[in-house]
Amino acid sequence: MLPNVSRLSYYAVFDGHGGSRAARYAAHNLHRNLVKKLPRGDGGSVDKAIKKSLLEAFKQTDEEFLKQAASQKPAWKDGTTAICILVADNVLYIANLGDSRALLCRMNEETQKATVLSLSKEHNPTQYEERMRIQRAGGNVRDGRVLGVLEVSRSLGDGQYKRCGVICTPEVKRCPVSDSDRFVLLACDGLFKVFSAEEAVNFVLGHVQVSASDEGSQKEDMDARYESACHRLANEAVRRGAADNVTVLVVQILH
């Protein structure tokens with residue numbers, strides 16, 4: 001356990017492409033690598049230690065998957081985005097690769113309306129810095145994709161694109177939790193092709209609040225309400241015609 005930290009939690013969503021093996025590998029191994037990297041002793045900044053551990057865990061997971069992928073015949077070409085949150089007491093550490101997103105629902109106690117905070121930055125090859133890195137590495141961006149194929153500029157796996165400037169270094173952000181925060185929504189890009197960030201958060205919030213006020217559902221616990229909201233949001237995205245993967249994870253913030 002980290003020094004001076006009494007509670008750790010971890011949540012993640014992986015959106016695979018070119019196959020499901022990279023996403024499955026990351027789901028099984030990223031948190032294990034992270035636990036190994038977290039320092040045990042006292043001393044030093046917890047912030048710096050966690051950020052360093054996240055960067056190293058992503059690097060190790062990518063290297064180990066690529067080694068396994070290259071040893072196959074034919075070599076695996078799978079890749080995956082990653083959005084993960086490590087909660088250390090009352091601070092969220094968000095690490096992101098690719099175009100999955102993390103959103104925080106923060107309530108205004110006076111108006112009882114939600115403010116939606118984006119906790120992650122998407123990595124698309126059309127963004128200036130991402131495109132410049134790809135071009136410096138000898139790759140190119142066509143039709144908004146790396147070499148006209150890959151939609152993201154950072155990922156785990158994707159061995160054939162690593163020489164073209166696609167990297168596995170996540171963007172890491174820190175966000176202290178306030179008493180006004182209700183939940184974090186983690187989802188892959190399939191959801192956001194048919195929902196705006198505000199719409200998605202308010203859809204979950206609306207369902208949780210309606211469930212709470214329904215007569216007969218007073219005994220239903222908050223976990224069940226959030227789980228139901230999660231399913232409904234994913235189903236509504238499919239109903240709206242989302243043709244891509246739709247994975248949704250809602251993490252309730254307890255106070």
Side-chain angles (χ1 to χ4, degrees), residues 9-15 23 27 80-124 127 151-152 170-214 217-218 220-255:
S9 312
Y10 168 93
Y11 309 92
V13 165
F14 303 98
D15 181 13
T80 185
T81 71
I83 178 87
C84 76
I85 292 187
L86 184 69
V87 187
D89 289 336
N90 293 318
V91 181
L92 309 177
Y93 294 89
I94 307 96
N96 181 52
L97 280 179
D99 55 10
S100 294
R101 299 174 69 182
L103 305 170
L104 176 67
C105 174
R106 179 167 287 173
M107 296 300 292
N108 182 315
E109 302 304 336
E110 289 180 13
T111 64
Q112 283 303 300
K113 289 189 176 175
T115 298
V116 180
L117 303 180
S118 180
L119 300 179
S120 57
K121 176 185 171 185
E122 296 163 78
H123 302 123
N124 297 310
Q127 292 164 345
E151 272 192 283
V152 293
E171 201 98 25
V172 180
K173 290 189 176 181
R174 176 187 185 276
C175 178
V177 174
S178 80
D179 290 341
S180 305
D181 297 336
R182 294 292 174 267
F183 61 86
V184 176
L185 170 67
L186 301 173
C188 61
D189 68 317
L191 176 72
F192 300 108
K193 286 177 178 171
V194 292
F195 270 92
S196 70
E198 287 73 19
E199 252 188 312
V201 166
N202 282 306
F203 184 98
V204 172
L205 189 62
H207 179 70
V208 170
Q209 288 174 335
V210 166
S211 297
S213 62
D214 275 353
S217 72
Q218 293 296 319
E220 183 185 18
D221 67 9
M222 289 301 287
D223 287 349
R225 289 181 210 154
Y226 276 105
E227 187 171 350
S228 171
C230 205
H231 286 299
R232 289 195 179 201
L233 179 59
N235 289 338
E236 177 61 17
V238 173
R239 193 192 70 78
R240 290 186 183 189
D244 206 344
N245 298 346
V246 179
T247 302
V248 179
L249 179 64
V250 177
V251 181
Q252 179 191 355
I253 296 172
L254 299 173
H255 297 289

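Every heavy atom of this structure was used, including side-chain atoms; hydrogens, water molecules and symmetry mates were not.
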Would you mind telling me which of N235, L191, V194 makes a side-chain contact (heavy atoms from CB on, under 4.5 Å) with R240? V194

Out of L103, I83, N96, V184, which residue meets the side-chain contact (heavy atoms from CB on, under 4.5 Å) rule with L119?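 Of all the options given, the one that passes is V184.
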
Indicate the atoms forming the closest heavy-atom contact of [X] with [Y], along with that distance.
{"X": "C230", "Y": "V248", "value": "SG-O, 3.3 Å"}
{"X": "A229", "Y": "F203", "value": "O-CE2, 4.3 Å"}
{"X": "A12", "Y": "L186", "value": "N-CD1, 4.1 Å"}
{"X": "F192", "Y": "A197", "value": "CE2-CA, 4.3 Å"}
{"X": "V246", "Y": "G190", "value": "CG2-C, 4.1 Å"}

Straight-line distance of [X] [atom1] to [Y] [atom2], nearest 0.5 Å:
{"X": "K193", "Y": "D244", "atom1": "NZ", "atom2": "CG", "result": "4.0 Å"}
{"X": "L249", "Y": "C188", "atom1": "CG", "atom2": "SG", "result": "11.0 Å"}
{"X": "S100", "Y": "F14", "atom1": "OG", "atom2": "CZ", "result": "9.5 Å"}
{"X": "R225", "Y": "Q252", "atom1": "CZ", "atom2": "CD", "result": "8.5 Å"}
{"X": "D221", "Y": "Y226", "atom1": "CG", "atom2": "OH", "result": "12.0 Å"}
{"X": "S228", "Y": "H207", "atom1": "OG", "atom2": "NE2", "result": "3.0 Å"}

R106 and side-chain hydrogen bond (donor to acceptor under 3.5 Å, both in side chains): which single residue from D181, D179, T115 fits?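 Only one of D181, D179, T115 forms a side-chain hydrogen bond (donor to acceptor under 3.5 Å, both in side chains) with R106, namely D181.
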
Could you point out which residue of T80, T247, T81, N245 forms a side-chain hydrogen bond (donor to acceptor under 3.5 Å, both in side chains) with D15? N245

Do [X] and [Y] have side chains that get closer than 4.5 Å, going by heavy atoms?
{"X": "L185", "Y": "L233", "value": "yes"}
{"X": "D99", "Y": "E122", "value": "yes"}
{"X": "I253", "Y": "L104", "value": "yes"}
{"X": "I94", "Y": "C175", "value": "yes"}

Enclosure of E227 CD (heavy-atom neighbours >12, cutoff 6.0 Å):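 12 or below, so no.
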
Side-chain ([X]) to main-chain ([Y]) donor-acceptor, under 3.5 angstrom:
{"X": "N90", "Y": "V177", "value": "no"}
{"X": "N124", "Y": "Q127", "value": "no"}
{"X": "S120", "Y": "A102", "value": "yes"}

